[in-house]
Amino acid sequence: MSARLLRGILLIIALVAVTLPAFYCNNPQQNTIASEGSPWKNVYDTNAHYVGMEKCRTCHETVYQTFIQTGMGQSFDHATRQKSAADFSPAHALVYDKDLDYYYKPYWNNDTLYVMEFRVEGKDTVHKRIQRIDYIVGSGQHTNSHMYNINGYFYQVPVTFYTQKRKWDMAPGFENGASTRFGRMIQIECMSCHNGYPEFVNNSENKYLSVKTGIDCERCHGPGSLHVQAKTSGVIVDTSKGPDYTIVNPRRLPVELQNNVCQRCHLQGIAVLNDGKTFFDFHPGMKLSEVMNVFMPEYEGARDKMIMASHVERMKKSRCYVESQKMSCITCHNPHVSVKFTPRMQYINACQSCHNNAGQQQCTEKPEVRALKNNDCVTCHMPHNGSIDIPHVAVTDHFIRKRPLADTEQKKISAFLGLQCFNNDKVDAITMARGYMEFYERYAPSKPLLDSALLYLGKQSKEEADQKQNRDYIRAYYLLKDYAHVIQYATRLKPADINDAWTAYRIGEAYFDRQQAEQALPWYKRATEIWQYALDFQNKYGTCLLALGNTAEAQKVFTFIVTENPDYTSANTNLGFLYMQQGNSTMAYSYLLHAYELDPDHEQNLINLAVWFHNAHQLGTAKKYLEHLLKKHPDNTKAKAMLADLNNSL
């Protein structure tokens, strides 16, 4: 399996996200109520709302104090010395991206954390960008990753500290030339698993009004307002005699619904939302499939290959899970207590609760070998395993087996077998198609995946196709770069009838690629109407306006972008170009220089700078920018022609 598989997603720390103390396989108190018509009042009641962990704390102080020490409680916080687990000594705090030729140095200035990106030629520093870090992601048990916030827009920085190896290195998914430097957006899918639910700007991709600091109680218990209302009204339930249905108690859910609580974040794969659903819509007590379906790629020879947050997927492969039909995450884990403070015997007792019973197979290992392992079942049957998506990290493999394969026994990946949904056995064809497209788009751009998507789309009736599938066919053909087919579907539609921003954007892209900017414009505009704060869509809309000669409107769009995010590189270079066109040399240079400081290898900005210096009769400097451009982008024909003209002039 490619080491790039499932990278790009910030992964939550390796704990199981559940809520009440462990119970064992033979627990007699399981409740078998189905999620439909749930008796838990806060599952489907639209008046139920979140109250925040501090409100829970007023009655549950003891649980609060242990929970905030767990990986979930420590999952996300402000960048402080106390939060950071990293080593900032000179011997450790330097990372080199050999593919893009940047160095990264994390450091503290007083109590503020920064990452400096720089490039060296000879003995000279020819580029330096300093970025303040606002948040640290991860409990420190495996990693600390780093985010910055600019006017509510959240982005990841390119370096991560790997605590097990005590090593700084490129962040997952930024290796081997794939680095987006400071441009990886932290979208709601990532934020909603790594943290408590934020206040998200819905018509954006990565803008937040506020964020929590850590996963909180209500992620596993559901909205707490009905529970708080009942308690403050004096309605007290003796839970030793029966459930308090004002708030979900996962221990009392059926096993699969217990696991669905955990699967929301610990089944890390390709999540496909159901129509009309968002990443906020799952409540504990629901089936996860009511909101989304989560797919994992299956490979021949991948038995011992795992991703970091694949705990539920691995557990569901286990014979213990398949045969017991009553094994859940809280069979072993107490989510209110950190794994660092959980007695080892808690896990061993969980195994023995089944395997000490009559009729259950007992350990067949030699007594002397067992003694060397302190009779620790987990050490042998759930060993630590390296993850394929996060470097320098080893986590407990939740695929429980009699004898996991040794490194020398593991087979190489030989074939892709398809996608498997691990939270729904009856996935419809459209959702399967979307799973294949999502896998293609985010992780593995291989054409057979799109062939599979089109195959599944073709299994629907004509009525379903007409009602639901225009956007799916548009997506598939867009990914295939078959823009003629995209336009064929677009001719049946009107921009005002489209409510999906991505569909409108893809149609705009298809027209623009075929040099039909006039036809592209209303589709780009529609995308920005749906998602006003999706700055990439705004930038394409402005670029289309520019191509049509509507410079006044284009300037308004690019100005909006840099007002929202002053460090948006393309909008800065486009504004620089516009001010050059207007003869405002000072403003032009200000924007072009800022774009260059943000990204010294940006092709269009290097062209614009060369033009600016040519106009300023500084031909040697113009030549320098063109030579640098061709060093980084040797196939740029426009730069070659400009350099040839310059050389003739010198």
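Side-chain atoms are counted along with the backbone in the values below, which use heavy atoms only and exclude waters and symmetry mates. Position 1 is the first residue of the sequence; numbering continues from there.
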For this session: Tell me, with the steps shown, if Tyr155 and Phe182 meet ring pair (Phe, Tyr, Trp, His ring centres under 6.0 Å).
Result: CA-CA 7 Å; Tyr155 299 89; Phe182 298 93; 9.7 Å; no
Exercise. Between Tyr102 and Arg129, is a side chain to side chain contact (heavy atoms under 4.5 Å, CB included) present by the stated rule, with each step listed?
Worked result: CA-CA 10 Å; Tyr102 291 111; Arg129 173 176 176 175; over 6 Å; no
Exercise. Could you walk me through whether Asp169 and Thr160 pass the side chain to side chain contact (heavy atoms under 4.5 Å, CB included) check?
Worked result: CA-CA 6 Å; Asp169 206 345; Thr160 288; over 6 Å; no
For this session: Evaluate the side chain to side chain donor-acceptor pair (under 3.5 Å) criterion for residues Asn149 and Asp134: first the C-alpha distance (whole Å), next the side-chain angles of each, then the deciding distance (0.1 Å), finally the verdict.
Result: CA-CA 6 Å; Asn149 166 20; Asp134 297 297; 5.4 Å; no
For this session: List the steps and the verdict of side chain to side chain donor-acceptor pair (under 3.5 Å) for Gln516 and Tyr483.
Result: CA-CA 12 Å; Gln516 299 178 44; Tyr483 299 133; over 6 Å; no
Problem set entry | Evaluation steps, side chain to side chain contact (heavy atoms under 4.5 Å, CB included), between Phe422 and Lys317 | CA-CA 10 Å; Phe422 276 85; Lys317 293 176 180 287; 4.2 Å; yes
For this session: Apply ring pair (Phe, Tyr, Trp, His ring centres under 6.0 Å) to Tyr473 and His485, showing your working.
Result: CA-CA 9 Å; Tyr473 277 116; His485 253 106; 8.7 Å; no
Problem set entry | Val201 vs Leu209, side chain to side chain contact (heavy atoms under 4.5 Å, CB included): CA-CA, chis, key distance, verdict | CA-CA 7 Å; Val201 178; Leu209 297 177; 3.9 Å; yes
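Formation of a donor-acceptor pair under 3.5 Å by the Thr278 side chain with backbone atoms of Phe280 is found in this model. Without hydrogens or angle criteria, Asn574 side chain to Ser570 main chain gives a donor-acceptor distance under 3.5 Å. Counting only distance, with no hydrogens or angles, the side chain of Asn565 and the backbone of Ile561 share no donor-acceptor pair below 3.5 Å. A donor-acceptor pair is defined here as one N or O able to donate and one able to accept, closer than 3.5 Å; no such pair exists between the side chain of Asp513 and the backbone of Ala510. With hydrogens and angles disregarded, no donor-acceptor distance shorter than 3.5 Å links the side chain of Thr503 to the backbone of Asn499. Asn293 contributes no side-chain N or O that, together with a main-chain N or O of Val272, makes up a donor-acceptor pair within less than 3.5 Å. Proximity of a side-chain donor or acceptor of Asn274 to a complementary backbone N or O of Glu290 within less than 3.5 Å is detected. The closest donor-acceptor contact from the side chain of His628 to the backbone of Pro600 lies under 3.5 Å. Counting only distance, with no hydrogens or angles, the side chain of Asn423 and the backbone of Val294 share a donor-acceptor pair below 3.5 Å. In this structure a side-chain-to-backbone donor-acceptor pair under 3.5 Å is missing from Thr573 to Ala595.
By the 4.5 Å heavy-atom criterion applied to side chains, Leu479 and Met437 are counted as neighbours. Within the 4.5 Å cutoff, the side chain of Met170 has no heavy atoms near those of the Lys98 side chain. Annotation: side chain of Lys540 is not in contact with side chain of Phe512 (no heavy-atom distance under 4.5 Å).
Sorted by first and then second residue, the pairs that involve residues 587-596 and meet side-chain hydrogen bond (donor to acceptor under 3.5 Å, both in side chains), not counting sequence neighbours, are Asp567-His594. Listed by first and then second residue, the side-chain hydrogen bond (donor to acceptor under 3.5 Å, both in side chains) pairs that reach into residues 544-560 are Glu553-Lys556, Gln555-Tyr579, Gln555-Gln582, sequence neighbours excluded.
For Glu189 and Arg442, the salt-bridge test passes: some basic side-chain N is under 4.0 Å from an acidic carboxylate O. Using a 4.0 Å cut-off between charged side-chain N and carboxylate O, Lys481 and Glu509 make no salt bridge. One finds a salt bridge joining Asp275 and Arg434 here, because a Lys/Arg side-chain nitrogen approaches an Asp/Glu carboxylate oxygen to under 4.0 Å. Between Asp500 and Arg475 there is no salt bridge, since no side-chain nitrogen of the basic residue lies less than 4.0 Å from a carboxylate oxygen of the acidic one.
Screening Phe200, Tyr135, Tyr533, Tyr153 for a ring pair (Phe, Tyr, Trp, His ring centres under 6.0 Å) involving Tyr208 leaves a single residue, Phe200.
Between Lys212 and Phe76 the shortest heavy-atom distance is O-CD2, 3.5 Å. Scanning both residues, Leu457 and Asp472, for their nearest heavy atoms gives CD2-CB, 3.7 Å. Summarising the geometry of Asn144 relative to Gly138, their closest heavy-atom pair is ND2-O, 3.4 Å, with the distance given to 0.1 Å.
Remark: Asp428 CG to Lys426 NZ distance equals 13.0 Å, nearest 0.5 Å. Atom-to-atom distance recorded for Lys632:NZ and Glu603:CD is 12.5 Å, nearest 0.5 angstrom. From Phe154, atom CZ reaches atom CD1 of Ile186 across 9.0 Å, with rounding to the nearest 0.5 Å. Note that OG of Ser192 is 11.0 Å distant from CD of Gln187, once rounded to the nearest 0.5 Å. Once rounded to the nearest 0.5 Å, the distance linking CZ of Arg526 with NZ of Lys494 reads 13.5 Å. We find the OG1-CG distance between Thr528 and Asp536 to be 12.5 Å, quoted to the nearest 0.5 Å.
Between Trp531 and Trp502, the ring planes are perpendicular. Angles over 60° get that label, and only those under 30° would be called parallel. The aromatic rings of Tyr456 and Tyr436 lie parallel to each other, with less than 30° between the two planes, well short of the 60° mark.
With Tyr197 as the aromatic partner, Arg219 meets the cation-pi criteria of under 6.0 angstrom to the ring centre and within 45 degrees of the ring axis.
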